[in-house]
A.B. asks: 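Right, I'll just put the structure down here and ask away after.
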Amino acid sequence: MNSDSIKEKGNTGNDGETMAMPGVAKLNILLQVPTPEALQLIPESLARRYNVIPLEVKDNTLRVAMAEPDNIMTVEALALRTRRRIEPVPASAADIREAIDFNYHAFGEIASRFSLEAPPETTLAAERLMAEAADDSPVAQALNMLLDEAVKSRASDIHIEPEVDRLRIRFRIDGILHEVSSLPLGAHGPLISRIKILADMNIADPRRPQDGQFSFQIRGKSIDVRVATIATVHGEMAVLRLLDKSLAILSLSQLGFFPESLEKFESMLMVPYGMILISGPTGAGKTTTLYAAVNSLDRVGRNIITIEDPVEYRFEGINQIQINPRAGITFASGLRSIVRLDPDVILVGEIRDRETAEIAVQSALTGHLVLSSVHANDTVGVLFRLLDLGVEPFLITSAVVGVVAQRMVRRVCPHCACEVTVPLIEQLAYHRETGEERSQFLYGSGCKACTYTGYLGRTGIFELLTLSDDIKRLIATAAPPGEIRTKALAEGMVTLAKDGMLKARAGITTPREVLRNAYTGTL
C-alpha cells in the first residue's frame, strides 16, 4: 500500500491527516532524541499501548517511530489523538520499548502529587494518615512512580536525601550516583513515612537508625527492596536498595572471568574441603560471585547451607539462614550450629571477627567446603587479614585453598562506542600492566541507551591467588606481604589492574574505569 492510499484512508482534515512512509530502512531510535513537544503529544500510556515513540513535530506533521508502520488503525488513532499528520518511521519493537522507558519520566508528576504549598513540617499524625492511606493515595502513587523510574533506569539504589530547601532524589546506576530529581520539601515526611509503613519500620521514631524490607511487582519483575534510614541535620534520609530477583542467578561464565581465570576458579570449587575467600570493598560483587559459585555446585547430592546478613536472594535446594542478633543468631553462633547439621558446603556471608574466622577455618579443616567474603584490598591482603583476626599461620596454610579479589567496572556502551586517543596517564598505566604501547581505546561517546554516560552495565575484574607450596612456606615463616605477592606474580597471578587493562584492550571497559576502581600503584 502506498503513502497516497494511506492519506486517503486516514484523512481527517488539516488537523488529523496521516501519511506513511513504507519501505524505509528501520531507524536506530536509541540514537534519536525526541523533542519535548513530540513527547507531550503522545502520553506514555498511549505510547505503550501502540508501541510507538514520537520523535519530532515539523509543519503540523508528527514523526513517530513504529514497530508496525503499515498499521493504518494505529496511524489513524494517533492522528485523531494528536490532531497532527502522522509520519510513521520503521523501528524494532525492542528498541521502541527501550526508548519509551528512557524518554518518559514521571518526576514532574511525582512532584505534582504533593502539595507545593504544604509546610515543610507536618505533624506525625498527619504524616501517618497520609502514609497509611489507600494504595491509590497521592503518596502511594508517588512512591510507585519513583520505584518505576528506578527500575526503568536500571538503578540499584534510590537515595532520598532532605536538604535545606528541597528533597534530593538520586539513583545509583552502574555503581555511580546520578541526581535525577528534586521534590518539594513538603514531600519528605509523607514519603519517608510511606516507606516505613511498607518496610514494617517504626514510624514514630525518626531519630534512631532503622532498616527493613518490602517487595513489589513492576514491569513483570519481582523486586525486593531493602530500606535503611538515619537522621541527618535536615531530617531522615533513606536509601532503598533494589534487588531484582530475575538477575539473582548468574553463572560463573557471566561474571567476567577470562577463560584461564575461570578454569582456575572452577578447579578451586572442585576440592572436597577447604576454604575459598572472596575479597573486595562494598559493592564489588562479592555476594554475586559467592551465589554463582554455590549455584555451580551439586545441590542434590550435597547439603549446602548459607548464613547471611541479610539473605538477599533465595534459591531452591539451598538452606539459607538469616542473621538475627536478637535471637542469638550471629555469624559465629550460626556457623557453630551449622557444622552439626551435616553440611557439605557452607557459605558464610562475611568473616568479620576472630570467632567467626576460627570456626570457619576449623570447619574447612574438618571436611567441609567453606566459601566466604573478607574485606581486604587484594588477595594477599586477605591472608594478612586472617592473621590480624588471630588465625594461626599454620591453620591458614592448611585450610585456605584460594583467594579471589574483585572489583566492578562499567562496560563500554556498544551503541556509541568509538576509538579515541586517551590521556597520557591512561597510556602509561596500560603500558605498565601489559608492556604494550597503545594510545587509542574504545570509549562510549554517550547516547540514549547509556543515559549519555558512555557506559552500559558492569562486569568484574579479578585477581586469583592459589596457595602453592612455596607461598604456604612464606606464610608459615611470617614473610612480609610484598614477598608473598612477588612470589604469586612469578607463579603467574594476574593482578586486578592487569586484568582490567586486558579487558580495556578487548574493548570491554576503559583504562579510566580500571584506574578509578583498581589502580593502587604509582606510574
Side-chain angles (χ1 to χ4, degrees), residues 209 211 226 228 268-269 271-294 297 302-315 318-406 465 467 472 475-476 481:
D211 57 78
R226 278 169 42 195
M268 291 182 189
L269 294 171
V271 301
Y273 59 88
M275 179 182 286
I276 299 173
L277 299 171
I278 313 293
S279 74
T282 301
K286 300 186 297 296
T287 301
T288 302
T289 299
L290 288 171
Y291 280 160
V294 296
L297 301 174
R302 282 175 146 181
N303 180 18
I304 302 176
I305 304 179
T306 76
I307 181 164
E308 308 168 56
D309 182 25
V311 175
E312 294 188 358
Y313 298 103
R314 298 179 183 180
F315 302 96
I318 296 177
N319 302 295
Q320 297 174 270
I321 300 171
Q322 169 78 49
I323 289 294
N324 187 352
R326 292 182 179 178
I329 303 176
T330 63
F331 278 121
S333 64
L335 186 55
R336 189 180 291 109
S337 299
I338 286 174
V339 296
R340 294 193 290 268
L341 299 174
D342 188 32
D344 296 292
V345 180
I346 303 172
L347 189 157
V348 184
E350 182 183 348
I351 294 177
R352 58 176 67 153
D353 56 59
R354 178 172 184 168
E355 187 178 8
T356 305
E358 289 178 344
I359 300 171
V361 168
Q362 291 297 330
S363 301
L365 291 174
T366 54
H368 307 96
L369 178 60
V370 179
L371 293 87
S372 187
S373 67
V374 177
H375 281 287
N377 289 330
D378 54 29
T379 52
V380 176
V382 170
L383 303 175
F384 282 82
R385 174 61 178 153
L386 292 178
L387 290 171
D388 184 56
L389 289 174
V391 181
E392 294 293 337
F394 74 91
L395 292 176
I396 294 176
T397 59
S398 301
V400 177
V401 175
V403 183
V404 179
Q406 68 178 76
L465 171 66
L467 269 65
K472 290 179 179 179
I475 296 171

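Keep in mind that what you see is a predicted model, and the values were worked out from it rather than measured.
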A.B. asks: Are Phe331 and Ile323 close enough that some pair of their side-chain heavy atoms sits under 4.5 Å apart?
C.D. replies: yes
A.B. asks: With rounding to the nearest 0.5 angstrom, report the CG to OG1 distance, Leu290 to Thr306.
C.D. replies: 10.0 Å
A.B. asks: What pair of heavy atoms forms the shortest contact from Gly274 to Val401, and how long is it?
C.D. replies: CA-CG2, 3.8 Å
A.B. asks: So which atom in Ala405 and which in Thr379 form the shortest heavy-atom distance, rounded to 0.1 Å?
C.D. replies: N-CG2, 3.6 Å
A.B. asks: Work out which heavy atom in Ala364 is nearest to a heavy atom in Val370; give both atom names and the distance.
C.D. replies: N-CG2, 3.8 Å
A.B. asks: Does any part of the side chain of Ile338, heavy atoms only, come nearer than 4.5 Å to the side chain of Val348, both counted from C-beta?
C.D. replies: no
A.B. asks: Applying side-chain contact (heavy atoms from CB on, under 4.5 Å) to Ile276 and Leu369, what does each step give before you reach the verdict?
C.D. replies: CA-CA 8 Å; Ile276 299 173; Leu369 178 60; 4.1 Å; yes
A.B. asks: Okay, side chain of Ser373, backbone of Gly349: is any donor-acceptor separation there less than 3.5 Å?
C.D. replies: yes
A.B. asks: Using 0.5 Å steps for rounding, measure from the NZ atom of Lys472 to the CG atom of Leu467.
C.D. replies: 6.0 Å
A.B. asks: Give the C-alpha distance, both sets of side-chain angles, the deciding distance and a yes or no for side-chain contact (heavy atoms from CB on, under 4.5 Å) between Ile351 and Leu277.
C.D. replies: CA-CA 9 Å; Ile351 294 177; Leu277 299 171; 4.1 Å; yes
A.B. asks: Could you tell me the separation between the CZ atom of Arg340 and the CG atom of Leu335, rounded to the nearest 0.5 Å?
C.D. replies: 10.5 Å
A.B. asks: Please check if the number of heavy atoms outside Phe384 that lie under 6.0 Å from its CZ is greater than 12.
C.D. replies: yes
A.B. asks: Please lay out, stage by stage, how Val339 and Ile346 fare under the test side-chain contact (heavy atoms from CB on, under 4.5 Å).
C.D. replies: CA-CA 8 Å; Val339 296; Ile346 303 172; 4.2 Å; yes
A.B. asks: Taking Arg352's backbone N and O only, do any of them form a donor-acceptor pair with Thr356's side chain (distance below 3.5 Å, no angle check)?
C.D. replies: no
A.B. asks: State whether the number of non-hydrogen atoms from other residues, nucleotides or ligands found under 6.0 Å of Asn303 atom CG is greater than 12.
C.D. replies: yes
A.B. asks: Given 3.5 Å as the limit, does a donor-acceptor pair link the side chain of Ser333 with the main chain of Gly328, or not?
C.D. replies: yes
A.B. asks: To the closest 0.5 Å, what do you measure between CE (Met275) and OG (Ser398)?
C.D. replies: 11.5 Å
A.B. asks: Side chains of residues 280-287: which donor-acceptor partners sit under 3.5 Å, not counting sequence neighbours?
C.D. replies:
residue	atom	partner	partner atom	Å
Lys286	NZ	Gly280	O	3.0
Lys286	NZ	Pro281	O	3.0

A.B. asks: Indicate yes or no for a side-chain donor-acceptor contact from Gln320 to the backbone of Phe315 under 3.5 Å, with no hydrogens or angles considered.
C.D. replies: yes
A.B. asks: What heavy-atom pair brings Val403 and Met268 nearest, and what distance separates the two atoms?
C.D. replies: N-CE, 4.3 Å
A.B. asks: Which heavy atom of Leu297 sits nearest to which heavy atom of Leu269, and what is that distance?
C.D. replies: CD2-O, 3.9 Å
A.B. asks: Using every non-hydrogen atom in the two residues, find where Leu383 and Ile396 come nearest and quote the distance to one decimal.
C.D. replies: O-CD1, 3.8 Å
A.B. asks: Is any side-chain heavy atom of Leu371 closer than 4.5 Å to one of Ile278?
C.D. replies: no
A.B. asks: Would you call Asp309 and Gln322 a side-chain contact if the rule is heavy atoms closer than 4.5 Å?
C.D. replies: yes
A.B. asks: Find the distance between CG (Leu341) and CD1 (Ile305) and round it off to the nearest 0.5 Å.
C.D. replies: 4.5 Å
A.B. asks: If you round to the nearest 0.5 Å, how far is CG of Leu386 from CG of Leu395?
C.D. replies: 10.5 Å
